[in-house]
Structure formats: C-alpha cells, structure tokens
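Comments concern the structure below.
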Protein chains: 4
Amino acid sequence: MHDGNRPRGRIDKREMIVEAAFRVFAREGYAQASVDVIAAEAGVAKPTIYAHLGGKEQMFREVIRSTAARGIAKSSAVLTELPADPPDLREALIAVAWGLVGCFQDERSAALRRLLNAEIVRFPDLFDLIRADAVDPFNEALAGRLARFAHAGRLTLDDPVRAASQFVALITEELPMLSAFGTRPIPREKLEEIVVSGVDLFLRAMR
Amino acid sequence: MHDGNRPRGRIDKREMIVEAAFRVFAREGYAQASVDVIAAEAGVAKPTIYAHLGGKEQMFREVIRSTAARGIAKSSAVLTELPADPPDLREALIAVAWGLVGCFQDERSAALRRLLNAEIVRFPDLFDLIRADAVDPFNEALAGRLARFAHAGRLTLDDPVRAASQFVALITEELPMLSAFGTRPIPREKLEEIVVSGVDLFLRAMR
Amino acid sequence: MHDGNRPRGRIDKREMIVEAAFRVFAREGYAQASVDVIAAEAGVAKPTIYAHLGGKEQMFREVIRSTAARGIAKSSAVLTELPADPPDLREALIAVAWGLVGCFQDERSAALRRLLNAEIVRFPDLFDLIRADAVDPFNEALAGRLARFAHAGRLTLDDPVRAASQFVALITEELPMLSAFGTRPIPREKLEEIVVSGVDLFLRAMR
Amino acid sequence: MHDGNRPRGRIDKREMIVEAAFRVFAREGYAQASVDVIAAEAGVAKPTIYAHLGGKEQMFREVIRSTAARGIAKSSAVLTELPADPPDLREALIAVAWGLVGCFQDERSAALRRLLNAEIVRFPDLFDLIRADAVDPFNEALAGRLARFAHAGRLTLDDPVRAASQFVALITEELPMLSAFGTRPIPREKLEEIVVSGVDLFLRAMR
DNA sequence: GATGAATGAGCGTTCATTCAT
DNA sequence: AATGAATGAACGCTCATTCAT
C-alpha cells in the first residue's frame, strides 16, 4: 500500500509551473513574460498551464502569493533567533539586523518587490494580500521583543511598534538603491557599515 | 545669441512626446504601453516619434532620464530652505523631513520608482543614470548641513554622510509600503507620526 | 430474443451524447461547438464521446441523421390525418397545411435546416442522407392523396407529384424569411393568411 | 491634374479584402474561416484587415451587407424587363420566373443564404438588415406589376402582395433542396418543369 | 467502459517598426 | 519635418484529440 506517491519522485506539475513562472516573471516582468516561454521553462505544454493555473493573470497572482509566503517563513526565522534576554543586546540586535539584510538580499524577495512595484497599478489588490501576510507580522514580532527589552529596563521607548519600524528603516532603507533594486551585490563593508551604525544609532537613542 | 530657436514659441515636439510617453508609461508600464497610444496622446503621428526619439526603448530611456532630472530639482529645493543656523534645530529638521516626504509623495517620483523597479532587469544601465544624478546629490547636501551643525556643536556625529542616510531612512523607508508604492494617500497623522518620531529618534541619538 | 439489452433501463449513453450534441450544435454551430461543452452537457467525459461516436465530425453526421429521422416521423403523421374522402376538401387541405406549418416551425427542424445550410459545403454527403429519407417520402405520400382526389373527380391535375410540390411550396416558402430562419415566432394571423390563401389558390387552379 | 486615380488601376484594398472574405466565408463558414486565410487570399497582411474592417465580426457583417446589396441589383433587374402590358402574359411571367430562378441560382446569392442560415443565431441583427433591403422590395415591385395586370382585367386577384409572394413561392421553394442549397446544378428540364407548371398553376387560379 | 491529464496546432488580435509620399 | 498605410512577428488563449490509468 503505497499511498501518496502520486508525483512519483517528481515535483507536482502545478508547482513546476509556478516555479518556472516566477523565474520568467522575475526576469521579464509581467507583460513581457510570455506564456509560451513559461510553458517551455516548466517543461509542459501551454494548455497544461491553463488547466492548472487558469491563465496568465491568475498564474501571476499565484506566483506572487507563493513567493510572498516563502518570504514570510524566511523573515520569521530571523526573530526566533533573537533571545528574550541576550547577554549583549548590541550583539543581538546586530544579529537581527544581519538577518533582515539577508532577507532583503534574497533574490526571490528582491524580485518579488520589483514585481509588486511594477504591477501595483494593474493589480492593486496584490498589495494588500502581501502586506497583511508578510510585512506586518515581522514588525509586530520585533515590536514584541523590543517591548520586552524595555520592560526589562534595557531599552527606553514609548512605542514599541514605532521603534520596530524605525529599526527596520535604519537597516533596510538603503539596500534597494545600493543593490540596484536587488540586481547587484552590495560590498560586505558597506553592509557592515549600515548594520553597525544603524544599530548603534538606534541604541544611542533608546538607551 | 537668441535663445529659443526652437520652433516658433510652441513647445518643442520632442518634449511633448516625452511628456505623453511618461504619462502612458506611468499608467501602463513599459511593455504594455503602446506607441500608438503615446503618439495619440502626444498629438503626433507614429513615425514622428521614431524620427525624434528613435524607438520605444530609446524613448523610455529619455523619459526616465528627464523625469529623474525633474525630481532632482524638486528634492534639491528642500535643502535650500534649511537655514545654516536655525533657531530651533528640531523644527528645522522636521521641516526638512516634511520636504522629503513631499518629494516622495510626488506622483511623478512614485511612478519613476515603479518604472525603475519594473524595468531594472531589462535596462540595467538606467539605474546608474539615475543614482548618479538624483540620489547622491541630496545626501551629500544634507550631509553638508549636518556637518555644519556638528561643527557648531549642535549635533554629535562622526560620519555626516552616514547620518544623512540614516535621517533619510528614518523618514522615507515606510512610505512605499504605506502608500502602496505611491498609489494611495497616507493619512496625515501617520505621516506626522513618522516625521516627528523619526526626527526625535535622530536627535536623541545625535545630541 | 429479449430486446433492450442496452444497459439496464437507463437511456443509452450514446443517445445521451447525441442528444446533447444536437443541442450544442444547434446553439453554437458546428465549428463553434466545443466537444468539451458537449461532453459536459451530456454528463460524460470527453474520451467517452470518442469511444461512442468516433470524433466531432462523425458525431455531427450522427446528429444530423438522427434529427432528420425524427423529423420524418413528425411530418409523416401530418398525412395520416388526411382522410381519403373528406367531406370538405378545403377544410382537409387547410388541416394538412397547418400540419406542414407545424413541422416547419418545430425548433429541431429549424435547427436542422440551419445546420445543413451551414455545413453543406464542408459535408456535402449529408444532404443526400437527408433528402432521400426525409423530403421525398412526404411529397410522395401527399402526391398519392392528391391523385386519389383527382381520381374521385374532386380535383383536376395532370401530375400529382408536381402538384404536391406546389402545394408544399405555397405553404412553406415564406416561413424561413418570416421566422428569421426559425428563430422568431410568426404571428398567428400571418400564418393563417398564408395557409388559407395558399390552399385557396391551389384549389382555384385545381378544381 | 490626375484626380482620383488613387487605386492606380488596382481595385481598392478594402474591396479586395471584402471580396476575398466573401469567398472564404462562403467556402468555410464564419467560424472556420480564418483571418489568416482571408488575408492571404486578399493578398494583404493580417493587420491590414484589422485596419480596414476592424475585425472578423465586423468584416463578416460587411461581407453580408455588400453581398446582399449586389443581390438586390440583380433581382431588381428581373422586373424591369417585365413590360407593363405584355402581348402574351404567360410568356412574360415565364420570363420573370426564369429571372427569379437565375437570381436564386447565382452562386453569391446561394452562399449568402447559406451564411445567413448558418449564423442567424450568432448574428440575429443581420437578418433585418437583409430582409428590409433585399427581399421586400422585390415582392413589392412584383405586386405592383400584378396589380396593374389586375386593373387591366388580365388577372383576377384580391391581394397583389399576397399573390406576388405566392408566385415567388411557386417558383423558388423547391430550388434549395433540389440544388443542395445551391451547391449542385439543377437539370434544365427540372427547372423548366417548375417554371412552366408554376406559372400555369398561378395563371389558372388568377384568370 | 470510462476518465483525468496532457498536448500540437491553430485561433483572433495587437504591436513596434518601416516605407512611399 | 511629418504622415497614412502596411506588415512580420508575437501574444494569450482554446480546441479536437490521445494516452495512461
């Protein structure tokens, strides 16, 4: 009795299509991406795409949704490694900052941001889908940690949610421009400078 | 030397085309924008576009370039209003912050960012064109002002350029997500919160 | 010999398919009708159609054939109600005329004529199939009745077959144009006018 | 000054397209006819069709309209040859009947009827377009002639319009079935039989 | 006997681009 | 300098048909 070996070792076809579609959309943008190319890259015939995903637009939505979902998982992990009572707060925040930078640098994440920017006018609803699921949770979680530090007397801050946003701002704001929206690597030293000076500014203001 | 030997007082045709092209590109994106529509909106025949701009791709480059140039002018003006020795530093920085926010909220500026995000992969060269002309100058100028404040003993900071970047980060980072990449208005109170708390965080760390 | 060894009392699947196919062909035309829709409307899977009917073209032929067969039955019944020696010949012929009109107005019959017109060029063989089975028999039968009336001295005519055709012509020729090829109802009074004046013209010439 | 030789000896392009479209629609039907084939047969590129005719549907409408217009001209000519006071009425009506048969047998006319039958469901409006312009006028004109004959005492009839319809019915009703909807020739003798016996029946009833 | 899944081929339509004028 | 007219190439999508189950 061998249940569930339906996709006999191969990835499910729908997933293969979405995977290929993400690559093509990221490379070409929504409008220039051709369903033919996606089908070829996914190794399926064009009608198979329509059977599984329903069309270019619906496929695009699914690509955005699933890519965002994957991004959430990655960014959530960043905060789980922040101890509730770290011996060295500065070290701990620097580690979080590096985690944030890592998420931002992630190729899929950058491509997702580019696609959202590009297509927000044509697909205004995509934005809410993403923000609700992906952005707020991280901020909320970080705010929770900061509040705990404040409660423990290790930080001084009125509004933890605001402080969390500001922390994220200090670490991530420059990355898009420095990396050409995620298409070029940023020198290690530059990242170090941002991370360290960002955390230090934050701590100087919050202690 | 009689300036304006452009055709008899009317706006230059080339400029009209670029203007119309910006509107159409902003509205539809590069790939979806059709040269027919641009020609119609510019009030010229299609071959005229090819005569003046050389083709869709070259026209797009020119649109990006000229839109960015206009953005620079606007953001530069923000700093000219920052006095060298303001009576109330906090007030002065808040004013600068509002100016930054204003530039960011500008519709053309938002559209430009969306277009850059969208087409950076296919037109990688556009990015350098923009960054050299548009971003660095503002940061340099702000850094200069901050350095003067530090020299006057009103701020404490090691690296004025870094501090300028951090100031900009605190004010602008949240705007794209809050405004759905510039497609929705942000409530006045939210902006106020960001501006004031951003300046205050900055000053708390830098005094 | 136990008739009906078709599957257990349910309508034969083949028949269900042909039935659904007729509806779809009538509604959409041959080319526009999709096998998917026919399958859905018949409540079977697509390959089942290929198993039972062999393909779209063959299925169309079968639809035409069976629809025509059903039409014959209906139009034959019209003549069985014409008595061999009716008290009022005019009344009797008017009744036959109404019967003819009824056959013509039948929705299936109209659809069949439209389909034949539409596809006669691509399926020239369909025509013979129909004419042999459907048209001539009625004319022959009517001719027989008319001959009997002539033999009884109630009509004067040389060629009963010709007269039968002319009778049918007088009653039916206008119906297609008046009903938009069977897609719109014809007002009762208009039909009455055609039937009565047709029969009267016929009788005036034949008495 | 050589005005108006724009289509330098060649037929206007739009007309060429409509001409080719008629041939293809007549041969393949609306749905099966492919714009590629029409373009090829017209000797133009596909977008030229869209520039001149706007699309397949609009092109079809134009084909129907122009073919019908041509048919009207032909059938009108039939009646102009019917003298107001012919020496031999029977001969004159037989000539009209032959004219009718000629119009009916015309290849374009037959194709038009097939297309109307085929597409009446998808394009219900086409029908009115045709009937108003093409069918009624002929009947009205014939009715006028018959009324004149009646007024001259050469025919006895109450309703000239009705009589005209009946005359047409007697002559044309059998033609579609005999010619397989206009796709096969009808033997001369058969036509003669219909024409002569039709006129004779008509005259026997109307004298 | 019946089907879910897949596909090669084709569809109507649009586009960036180029001539002849 | 400017255009009306034309086109080759490509696009998103659908279809009749088949095959492994």
Side-chain angles (χ1 to χ4, degrees), chain A residues 6 8 12-14 17 28 30-39 42-60, chain B residues 7 12-14 17 28 30-39 42-60, chain C residues 7 13-14 17 28 30-39 42-60, chain D residues 6 8 12-14 17 30-39 42-60:
Chain A
R6 175 165 58 91
R8 283 153 301 155
D12 187 49
K13 220 157 228 184
R14 184 191 150 102
I17 294 171
E28 317 266 8
Y30 175 77
Q32 290 280 35
S34 104
V35 178
D36 286 79
V37 169
I38 294 173
V44 302
K46 235 188 318 181
T48 305
I49 288 184
Y50 286 83
H52 281 267
L53 275 306
K56 195 186 186 186
E57 187 169 324
Q58 206 171 324
M59 175 165 56
F60 183 66
Chain B
D12 191 33
K13 219 161 229 185
R14 183 190 152 102
I17 295 170
E28 318 267 8
Y30 174 76
Q32 209 77 298
S34 103
V35 177
D36 287 80
V37 170
I38 294 172
V44 302
K46 243 189 311 183
T48 306
I49 288 183
Y50 284 81
H52 280 262
L53 274 307
K56 193 184 186 184
E57 194 170 318
Q58 203 172 326
M59 175 166 55
F60 183 65
Chain C
K13 220 162 228 183
R14 184 189 152 102
I17 294 171
E28 318 267 8
Y30 174 76
Q32 209 78 297
S34 103
V35 178
D36 287 79
V37 169
I38 294 173
V44 302
K46 241 188 311 183
T48 305
I49 288 183
Y50 284 81
H52 281 262
L53 274 306
K56 194 184 185 184
E57 195 168 317
Q58 204 171 325
M59 175 166 54
F60 184 65
Chain D
R6 175 163 59 88
R8 283 154 300 156
D12 188 49
K13 219 157 228 183
R14 183 190 151 102
I17 294 170
Y30 175 77
Q32 289 281 35
S34 104
V35 179
D36 286 80
V37 170
I38 294 173
V44 302
K46 239 188 313 182
T48 305
I49 288 184
Y50 286 83
H52 281 267
L53 274 306
K56 195 185 186 185
E57 187 169 324
Q58 206 172 322
M59 176 165 53
F60 184 66

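Chain letters run A, B, ... following the sequence lines, proteins first, then strands; residues in each count from 1.
The distance between atom CD1 of D:I49 and atom P of E:dT14, rounded to the nearest whole Å, is 13 Å. Spacing between atom CE of A:M59 and atom P of F:dC11 amounts to 13 Å, rounded to whole angstrom units. Rounded to whole Å, the distance from CD1 on A:I17 to P on F:dG12 is 15 Å. If you measure from atom CG of A:L53 to atom P of F:dT14, you get 14 Å, rounded to the nearest angstrom. Distance CD (A:Q58) to C1' (F:dG12): 14 Å, rounded to an integer number of Å. Rounding to whole angstrom units, CZ of residue C:F60 and P of F:dC15 are separated by 18 Å.
Remark: C:A51 engages no residue in a side chain to side chain contact (heavy atoms under 4.5 Å, CB included) (not counting sequence neighbours).
Set against E:dT7, F:dA2, F:dA16, the side chain of C:Y50 has F:dA16 as its closest nucleotide.
The two residues A:I49 and A:I38 come nearest to each other via the heavy atoms CD1-CG2, 3.8 Å. Considering every non-hydrogen atom in both C:H52 and C:K13, the closest pair reads CE1-CB, 4.1 Å.
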Kindly give the atom pairs (protein nitrogen or oxygen, nucleotide nitrogen or oxygen) under 3.5 Å for nucleotides 8-11 of chain E.
| unit_1 | atom_1 | unit_2 | atom_2 | d |
| --- | --- | --- | --- | --- |
| E:dG10 | O6 | A:K46 | NZ | 3.4 |

_Dot-bracket line, read 5' to 3' along DNA chain E, where crossing pairs take [ ] and | marks a partner on another strand, Watson-Crick or G-U under 3.5 Å_ = .||||||||||||||||||||
Under 3.5 Å, which donor-acceptor pairs do the side chains of residues 53-60 of chain C form with other protein atoms, sequence neighbours left out?
| unit_1 | atom_1 | unit_2 | atom_2 | d |
| --- | --- | --- | --- | --- |
| C:K56 | NZ | C:Y30 | O | 3.0 |
| C:K56 | NZ | C:A31 | O | 3.2 |
| C:K56 | NZ | C:A33 | O | 2.8 |
| C:E57 | OE2 | C:R61 | NH1 | 3.1 |

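Of the two residues near DNA chain F, B:H52 and C:G54, the one whose nearest nucleotide lies more 5' is B:H52.
The side chain of A:T48 contributes an N or O atom lying less than 4.0 Å from OP1 or OP2 of E:dT7.
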